[in-house]
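Remarks on the structure that follows.
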Number of protein chains: 2
Amino acid sequence: MSLQIRFSLNEGLFLKDPQDSKLGKNIIQHSILLIDEYGFESFTFKKLAEKIGSTEASIYRYFENKHLLLIFLVNWYWEWVSYLIKVNTTNVIDPKMKLKIIIHSFVFAPKDNPGVEYVNESKLHNIVISEGVKAYHTKDVDKDNSKGFFKSYKSLANEVSNVISEINPQFKYPYALATNLFEMSNNHIYFAKHLPRLTDISVNGNNVNEVETMLNYFADKLLS
Amino acid sequence: MSLQIRFSLNEGLFLKDPQDSKLGKNIIQHSILLIDEYGFESFTFKKLAEKIGSTEASIYRYFENKHLLLIFLVNWYWEWVSYLIKVNTTNVIDPKMKLKIIIHSFVFAPKDNPGVEYVNESKLHNIVISEGVKAYHTKDVDKDNSKGFFKSYKSLANEVSNVISEINPQFKYPYALATNLFEMSNNHIYFAKHLPRLTDISVNGNNVNEVETMLNYFADKLLS
DNA sequence: TTATAATGATAGTAATACTATCATAAAAAA
DNA sequence: TTTTTTATGATAGTATTACTATCATTATAA
């Protein structure tokens, strides 16, 4: 019954592809649960090993360190969003409609078809919202970037910027708008939950309708 | 000759106000230099102690941990920006002009009058850009927020949102636009330097003119 | 059935993030 | 000035983290 999705993520991110083995899938599954529960700083390979009844040494055979694991998860998420967008926009020609669907796809990503048994997309989305920026806010960012660790995000931004340029070829900032839509989405969901005075929208439970409305408003207005 | 600016920061951020003593000022001064140099993760109180010829124990008498020190620095930065905005917008009545000056103030904050001898505003700005998000992306965010640790940022966002509402009282997202201008500024300076495919602008040296132009364009368009 | 690869078990190390205690120096009060 | 208080320095110690190394065992594939 379940989709057998398997993303080709940058091979530098892992020592051994975790998508290929039971233990690897376990690492992915429970690292998502634990990072969501403890936060990235308090998450350790030791806790993870205990949780899955394995050992630190075994986990280190898959990931060099927890930072690369985080980048892996974030990439997985963006690949998943790209996949959703691709599926939802096939046969859509109107670029305005496309952008609407794109926005819907990533704001509601975790609600749409949970596709892989060992990935809790909703919690992964929470991780991207709460910890995602830490993937590229490090002193290693240039080194990591040169290894292609952010390719998933960059190619997604590229696709969205193309749609933006289709809507309005004169618009000067298609990349900035594309990334800003993603960043705003994550930021304002986070603000609504934790720092509500920094936003106008509210998120009740996991109802992110207001975020979608806001992003559509911003996009429409900027591209008009 | 130098301005004797002294910001009243939330007292929960420190055990002893570092602005009150030679050692305290040394801690601030060199923590900025070291965080800028090593990044927040690799920055330790031990390294800082060595650098200023003091001891870990002494630094712990000022700050409970490096995370609170980071929040302190970020707050200091936002107080500094608030101060600049206040100075630059006195006697300006036109809200559109006000917003232009606000944008200019925070994009060029480090270039305008370095005001405090022991704070390198330019490097502090770099820290806010590279590490600032980590101040509130933690599992303690709600606890920290309830202690008022993010008040400086929230009150700045509030002031800017008031100007936005003056320009266009019908605009539905004054807070979101205000915070987005700040976040975009930091993000896209960072992108331009490290992940250029995620933005349209470029930053040559420390020339952030294109960022200012972009933010003005976004603000104008959204509020028209 | 034997080789090969994957995992587990255990141990060990350097660094981090602290806490505690006591001595000394500097500043303020008497 | 002398005393008291406060700030800082020096040193030591602990639990945890982020690994690395080695060897044994169990699956899997040849």
Side-chain angles (χ1 to χ4, degrees), chain A residues 6 11-31 34-35 37-73 118 131 134-135 138-140 143-144, chain B residues 6 11-31 34-35 37-73 118 131 134-135 138-140 143-144:
Chain A
R6 201 185 169 290
E11 301 207 342
L13 291 172
F14 45 77
L15 299 167
K16 188 188 301 191
D17 195 328
Q19 296 174 106
D20 284 343
S21 70
K22 188 84 191 55
L23 177 59
K25 290 175 184 176
N26 250 295
I27 290 172
I28 295 179
Q29 177 173 9
H30 289 93
S31 65
L34 284 182
I35 294 173
E37 184 181 348
Y38 291 112
F40 184 65
E41 278 73 30
S42 300
F43 164 80
T44 67
F45 279 2
K46 201 181 176 193
K47 284 175 188 160
L48 176 56
E50 275 160 26
K51 182 96 168 194
I52 63 182
S54 180
T55 62
E56 272 186 280
S58 296
I59 294 168
Y60 276 106
R61 287 181 184 117
Y62 285 86
F63 292 101
E64 273 179 68
N65 54 57
K66 69 173 179 175
H67 183 244
L68 289 177
L69 170 55
L70 177 65
I71 300 182
F72 179 92
L73 293 176
Y118 56 93
E131 318 287 354
K134 294 170 191 170
T138 72
K139 272 286 160 184
D140 290 328
K143 214 187 302 169
D144 289 352
Chain B
R6 201 185 169 290
E11 301 207 343
L13 291 172
F14 46 76
L15 300 166
K16 188 189 301 191
D17 195 328
Q19 296 173 107
D20 283 344
S21 70
K22 189 83 191 56
L23 177 60
K25 290 174 184 175
N26 251 295
I27 290 172
I28 295 178
Q29 177 174 9
H30 289 93
S31 65
L34 283 182
I35 293 173
E37 184 181 348
Y38 290 112
F40 184 64
E41 279 72 30
S42 301
F43 164 79
T44 67
F45 279 3
K46 201 181 175 194
K47 283 175 190 161
L48 176 56
E50 273 161 27
K51 181 95 166 192
I52 63 181
S54 180
T55 63
E56 272 186 279
S58 295
I59 295 169
Y60 276 106
R61 288 179 184 119
Y62 284 86
F63 292 99
E64 273 178 69
N65 53 58
K66 71 174 179 176
H67 184 244
L68 288 177
L69 170 55
L70 178 65
I71 300 182
F72 179 93
L73 293 176
Y118 56 94
E131 317 287 353
K134 295 171 191 169
T138 73
K139 274 285 161 185
D140 289 330
K143 213 188 300 168
D144 289 352

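Throughout, a chain's letter reflects where its sequence line sits, starting with A, and its residues are numbered from 1. Worth knowing before you read on, the calculation uses all heavy atoms, side chains too, and leaves out hydrogens, waters and symmetry mates.
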When you measure from the centre of the six-membered ring of B:Tyr38, is the NZ or CZ of B:Lys47 closer than 6.0 Å and no more than 45° off the axis? yes

For nucleotides 17-30 of chain D, just jot down a letter per nucleotide in 5' to 3' order: B, S or -, based on protein non-hydrogen atoms under 4.0 Å. SBBBBB--------

Of the options C:dG8, D:dA10, D:dA7, whose atoms approach the side-chain atoms of B:Lys16 most closely? D:dA7

Below 4.0 angstrom from OP1 or OP2 of C:dT10, is there any side-chain N or O of A:Thr55? no

According to a strict under-4.0 Å criterion, is A:Ser54 in side-chain N/O contact with OP1 or OP2 of C:dT7? no

Taking the side chain as every heavy atom from C-beta outward, state whether B:Arg6 and B:Asp20 have any pair of such atoms under 4.5 Å apart. yes

When all nucleic acid strands are considered with a 4.0 Å heavy-atom cut-off, which category describes B:Gly53: base, sugar-phosphate, or nothing? sugar-phosphate

Is A:Phe63 touching bases, backbone alone, or none of the nucleic acid, heavy atoms closer than 4.0 Å? nothing

Starting at atom CD1 of A:Ile27, determine the distance to atom C1' of C:dA6, rounded to an integer number of angstrom. 12 Å

For B:Glu50 and D:dT11, what is the distance between atoms CD and P respectively, to the nearest whole Å? 13 Å

Return the CG to CD1 distance between B:Leu73 and B:Ile35, rounded to the nearest 0.5 Å. 5.5 Å

Go through it in stages, so that I can follow the logic: the residues are B:Lys134 and B:Glu41, the test is salt bridge (Lys or Arg N to Asp or Glu O under 4.0 Å), and I'd like the CA-CA distance, side-chain angles, deciding distance and then a yes or no. CA-CA 10 Å; B:Lys134 295 171 191 169; B:Glu41 279 72 30; 3.0 Å; yes

Length of the line joining B:Leu34:CG and C:dT16:P, which is rounded to integer Å: 13 Å

Anything under 30° is parallel, anything over 60° is perpendicular, the rest tilted; go ahead and classify A:Phe40 against A:Phe43. parallel

Please state how far atom CG in B:Leu15 lies from atom P in C:dA17, giving the value in whole angstrom units. 17 Å

Closest listed nucleotide, where the reference is the side chain of B:Tyr62 and the choices are D:dT8, C:dG8, C:dT7: D:dT8

Test item: B:Leu15 and B:Arg61 side chains (from C-beta on) under 4.5 Å apart, heavy atoms: no

Nucleotide C:dA15, atom P - distance to OH of B:Tyr38 in whole Å: 13 Å

